[in-house]
Amino acid sequence: NPLRQYKDQSGSAKFMMALQFLFPIFEWGRCYNLRKFKGDLIAGLTIASLCIPQDIGYSKLANLDAQYGLYSSFVPPLIYAAMGSSKDIAIGPVAVVSLLIGSLLQNEVDPVKNKEEYLRLAFTATFFAGITQAALGFLRLGFLIEFLSHAAIVGFMGGAAITIALQQLKYVLGIKSFTKKTDIISVMR
């Protein structure tokens, strides 16, 4: 029974326990000290040296300006620090999502000709993705990922890697008018 810890508790204790359940920072923040901060600072600088250039590249996959990649490299980890509880998880954009959002939006709006509309659609899509992720987090539905088979995940990541590599051909070969489609046949043609 996941609610057994709330039994026989006062109203204020129940409130604090619920707050700690939703925001784990209230639980581990009490025992945070300078020694842990030093380790977190070193880890943060190490990860930032990798993530910042990587996230700028991800913004290019989504046909967005570099500053949006920078926003995505530091805002999600700050939010996760208050709401998450895993010390081993990496938070931020990934190549697959960047490529998917870029190809989805390119089908609707040309990012060069109508940049404002493209940005509006990108912000709307990411807002609703964030709302969905927040709802899944508050409802503690992360266990659903256990139902995905290893073969499905490996196949998806392999296909995504091929698609990302093919999309980079336009930069390698210097092609100005490249297809907006992401399937292999259209890219190779």
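The shown structure was predicted, so the numbers you read here are calculated from the model rather than taken from an experiment. Residue numbers run from 1 in the order of the sequence given.
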Derivation and outcome, side-chain contact (heavy atoms from CB on, under 4.5 Å), residues V96 and F156: CA-CA 9 Å; V96 175; F156 176 75; 3.3 Å; yes
| request: Applying side chain to side chain donor-acceptor pair (under 3.5 Å), run through Y71 and Q67 and close with a yes or a no. | output: CA-CA 6 Å; Y71 297 149; Q67 70 260 28; 5.5 Å; no
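The two atoms that bring S73 and L70 nearest to each other are OG-O, 2.7 Å, heavy atoms only. Nearest heavy-atom pair across V109 and N114 is CG1-O, 3.5 Å. Nearest approach of A48 to P53, heavy atoms of both residues: O-CD, 4.0 Å.
If you chain together hydrophobic residues whose side chains sit under 4.5 Å apart, M157 and V97 never meet in one group. Both I25 and L34 belong to a common hydrophobic cluster when Ile, Leu, Val, Met, Phe, Trp and Tyr are linked at side-chain heavy-atom distances under 4.5 angstrom. Hydrophobic cluster membership is shared by L139 and F147, with clusters built from Ile, Leu, Val, Met, Phe, Trp and Tyr side chains linked at under 4.5 angstrom. Linking Ile, Leu, Val, Met, Phe, Trp and Tyr whenever their side-chain heavy atoms come within less than 4.5 Å leaves L50 and I56 in two separate clusters. The cluster map of Ile, Leu, Val, Met, Phe, Trp and Tyr, joined by side-chain heavy atoms under 4.5 Å apart, puts L148 and F143 in different clusters.
Here the CZ-OG1 distance, from F127 to T132, works out to 9.5 Å after rounding to the nearest 0.5 Å. Rounding to the nearest 0.5 angstrom, the gap separating the CD atom in E108 from the OG atom in S103 is 11.0 Å. Atom-to-atom distance recorded for I131:CD1 and L136:CG is 11.5 Å, nearest 0.5 angstrom. How far OG1 of T124 is from CG of L119: 10.5 Å, rounded to the nearest 0.5 Å. Note: K36 NZ to W28 CH2 = 9.0 Å, rounded to the nearest 0.5 Å. Considering OG of S59 and CD of Q54, their distance stands at 11.5 Å, rounded to 0.5 Å.
For K115, the NZ atom counts as loosely surrounded, since its 6.0 Å shell holds 12 or fewer non-hydrogen atoms of other residues, nucleotides or ligands. Heavy atoms of other residues, nucleotides or ligands lying less than 6.0 angstrom from CZ of F37 number 12 at most. Surrounding CZ of F15 are at most 12 heavy atoms belonging to other residues, nucleotides or ligands under 6.0 Å away.
Between D65 and K60 there is no salt bridge, since none of the side-chain N atoms of the basic residue sits less than 4.0 Å from a carboxylate O of the acidic one.
With a 4.5 Å cut-off on side-chain heavy atoms, L144 and L141 count as touching. R30 places a side-chain heavy atom less than 4.5 Å from the side chain of Q20. In this structure, the side chains of D55 and Y68 stay at 4.5 Å or more apart for every pair of heavy atoms. Side-chain contact between Y118 and D110 is absent, with no heavy-atom pair separated by less than 4.5 Å. Taking the side chain as every heavy atom from C-beta outward, N63 and L105 never approach each other to under 4.5 Å.
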